[in-house]
Number of protein chains: 2
Amino acid sequence: MDGDPPGAAARMRDVARVAQVSAMTVSRALKDPERVSPEVRARVEEAVRRVGYVPNRLAGSLSSSRSNVIGLVVPSIDNSLFASTIQGISDVLRRHGHELMIASSGYGEAAEEAAIRAFLGQRVAGLILHDTTHSPEAVAMIRRAGIPVVENGTLTRQPLDMVVSYSNHDAAMAMTRHLLRLGYRRIGFVTLPLAANERSRDRRRGYAAALEEAGLPYDARLVLEVPPGLAAGVEALDRLLAGGGDPDAIFFAGDVLAIGAALECNRRGWPVPGRVAIAAFDNIDLLGHLVPPVTTLRLPRHEIGRRSAEVLLDRIEGRATGPLAVDLRFEIIHRAST
Amino acid sequence: MDGDPPGAAARMRDVARVAQVSAMTVSRALKDPERVSPEVRARVEEAVRRVGYVPNRLAGSLSSSRSNVIGLVVPSIDNSLFASTIQGISDVLRRHGHELMIASSGYGEAAEEAAIRAFLGQRVAGLILHDTTHSPEAVAMIRRAGIPVVENGTLTRQPLDMVVSYSNHDAAMAMTRHLLRLGYRRIGFVTLPLAANERSRDRRRGYAAALEEAGLPYDARLVLEVPPGLAAGVEALDRLLAGGGDPDAIFFAGDVLAIGAALECNRRGWPVPGRVAIAAFDNIDLLGHLVPPVTTLRLPRHEIGRRSAEVLLDRIEGRATGPLAVDLRFEIIHRAST
DNA sequence: CCGGGAGATGATACCGCTAACCTTTATTCG
DNA sequence: CGAATAAAGGTTAGCGGTATCATCTCCCGG
């Protein structure tokens, strides 16, 4: 504003000159105002305003070896389930003056490793990883960097460091039990690709565990692996009903599969649960508005984000140490579709 | 790997020592391998591997005053429409070795300003802003920083720098015309809060323009402002039908409002478009799967992200200069609901 | 046989900030 | 009243890279 030489951002020494103090005093006035006399503080603040000074955090972090950036790797940004978690993380970080860098791994370990490497290059203060399996090199890099990490895809048994999640195994088991309790005996199970991540595998184990507990056989004709998406839900519905397994209920363990299937039932005029019962895995708003509303699980997506950021900051700011597993529970929402 | 002193990340000089060259040569071998002899390059690469070196980009950026970080401010991360755009941005940036920082403004100029200030503090190489109105201080800071900016909420007439978007005005006008062409005469219009952003205002202007063009009056009883969300769509449906305006079609100009309304019609057993026609604004997958499938607009959400990142990188890497407006068109998807 | 340009590498001085230590000037109290 | 202590501010030396220029070798043509 004051005849700033355009093209060159104001530096601390410019502020210092205007305020007639040393650069160090400017630094203190901004970071630790208590340590500077009120008059000087006022002069500095005024000078900051006049020259339009925005502190260079690159220099600051380099000098103090302290960063205020957190790196987040999610399989995909374009997925409302992850988006809730991201929003939760973002909310907490902003309140604490931290920044968020995001990368998507596209469901692959190699891409995750590249993202982690890039983040470590930026000297992030901590990492949040959605996936719970990682390339050996990624693990080695994180170990070397010695920064805190939170994983939050599932309550994995072998966490890198901290985990904030819910048990996908227990959730799937609980829903399967719920269906069994309601009297369904031939329960179909539709899952996203099992090879992609531990979450899906946990869910299938949970489904199988509930069947076993009930003394029912695991029938491969009742289990289907499909890609994500509405259309895949429709396809799964068809294939399961035609597959000889004769399901009386179908548990769609992920994504929007259940929505696709439920709408397809509407379209065909099939009564639900008369023709077949439908249960979903995620508490997408919409499920409650369908006809009939669909039974599902309430998962703490947003809370996972919030707590992940919190435990990470606790570690970064020295309020906590060591591994930690936070189990944020789930809950069954029973509706008319079962 | 090699007896690395834990807790201390390897620096370039450590690599240099192992490779028996100067730090400068390491720098060159990594950034501009052509300028280093093959033997030395190999030694450096080997040394990098042995010490587990990850270049410190804070130091690099500080020294070269070149950053590879882009800042993005969206109103909300937790909204699938923005999420598509973010994914598009992220995809392009990753291919070019750039990083993405995200902040959400929560639909407020003050929060946007804070996010921009934080990003400028990180010395981002460029900014992408979803909103198209900004606080004067935000504008001043961006000007001072002299970095390229892309706005992408709507094809605003007074861009800060570059715009990549579609015309919300023209899109709403096109849909209203479409309804008029189909013979609807009492067209209701449901919008998100007009005060929140230019996009909503553009859409309402477009609606009004189409009516005027057709010689129809603007009837305030047919226009409703509601918060986002499925439930608000239901509420809007009720209020418009009871409001005395007697609509024969309703154009829901945003969010998931139309979905809420369409499902409510199902629930009540109302024929659509018999009782009332329904049109939506965004190409949410689901709209095509409802009964009946809902007429809507195909908006280039993902493409906006991709192109935004591309034009920004063009400027950052010196392949382009000056303002630029990219109009990514929209398209009407006519379905059975109208 | 020597001047000179190209190619490879090194030395040095920063980038903008903060940690750590130092000086100066009150302030306190035995 | 003087030594001890605190409060406020300054000085200096990096943080880990890169820009810039200098140096050294090698090879060429005249």
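Remember, predicted model here, so these are calculated numbers, not experimental data. In the text below, chain A, chain B and the rest are named by the order of the sequence lines, each starting its count at 1. Values below: every heavy atom of this structure, side chains too, minus hydrogens, waters and symmetry copies.
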Have [X] and [Y] got a donor and an acceptor in their side chains that come within less than 3.5 Å?
X         : Y         : result
Gln87(A)  : Asn79(B)  : no
Glu198(A) : Thr132(A) : yes
Glu109(B) : His134(B) : no

Is the shortest side-chain N/O distance from Arg66(A) to OP1 or OP2 of dA19(C) below 4.0 Å?
yes

With a 4.0 Å limit, can you tell me whether Ser27(A) has a side-chain N or O closer than that to the phosphate oxygens OP1/OP2 of dT18(C)?
yes

When we call it a touch if two heavy atoms are under 4.0 Å apart, what does Arg41(B) touch: a base, just sugar-phosphate, or nothing?
nothing

Test item: [X] and [Y] side chains (from C-beta on) under 4.5 Å apart, heavy atoms:
X         : Y         : value
Ile70(A)  : Val124(A) : no
Val69(B)  : His98(B)  : no
Ser61(A)  : Arg123(A) : no
Val150(B) : Leu127(B) : no
Val149(B) : Ile128(B) : no
Met162(B) : Leu312(B) : yes

Give the rounded distance in Å between these two atoms: [atom1] of [X] and [atom2] of [N].
X        : N       : atom1 : atom2 : result
Asp14(A) : dC15(C) : CG    : P     : 11 Å
Leu30(A) : dA19(C) : CG    : P     : 13 Å
Lys31(B) : dG16(D) : NZ    : P     : 18 Å
Asp32(A) : dA19(C) : CG    : C1'   : 13 Å
Arg11(B) : dG17(D) : CZ    : C1'   : 12 Å
Arg13(A) : dT12(D) : CZ    : P     : 14 Å

Test: [X] and [Y] ion pair at under 4.0 Å:
X         : Y         : answer
Glu303(B) : Arg306(B) : yes
Arg43(B)  : Glu46(B)  : no
Arg117(B) : Glu113(B) : yes

Residues of residues 54-65 of chain A with a heavy atom under 4.0 Å from any atom of DNA chain D, listed by number, are Leu62(A), Ser63(A)

Base versus backbone protein contacts along nucleotides 22-27 of chain C [heavy-atom cut-off under 4.0 Å; B, S, -]
------

Computed from five pairs at either end and rounded to 10 degrees, the angle between the axes of the helix from dC1(C)-dG30(D) to dG30(C)-dC1(D) is 50°

Return the set of residues passing side-chain hydrogen bond (donor to acceptor under 3.5 Å, both in side chains) with Ser165(A) (not counting sequence neighbours), or none when no residue passes.
none

Polar atom pairs (N or O), protein with nucleotides 5-10 of chain C, under 3.5 Å:
unit_1, atom_1, unit_2, atom_2, d
dT9(C), OP1, Ser37(B), OG, 3.0
dT9(C), OP2, Ser37(B), N, 2.9
dG10(C), OP2, Ser22(B), N, 2.8
dG10(C), OP2, Ser22(B), OG, 2.9
dG10(C), OP2, Thr25(B), OG1, 2.5
dG10(C), N7, Arg28(B), NH2, 2.8
dG10(C), O6, Arg28(B), NH1, 3.4

Among pairs that include at least one residue of residues 27-40 of chain B, which meet side-chain hydrogen bond (donor to acceptor under 3.5 Å, both in side chains), considering only residues two or more places apart or in two chains?
none

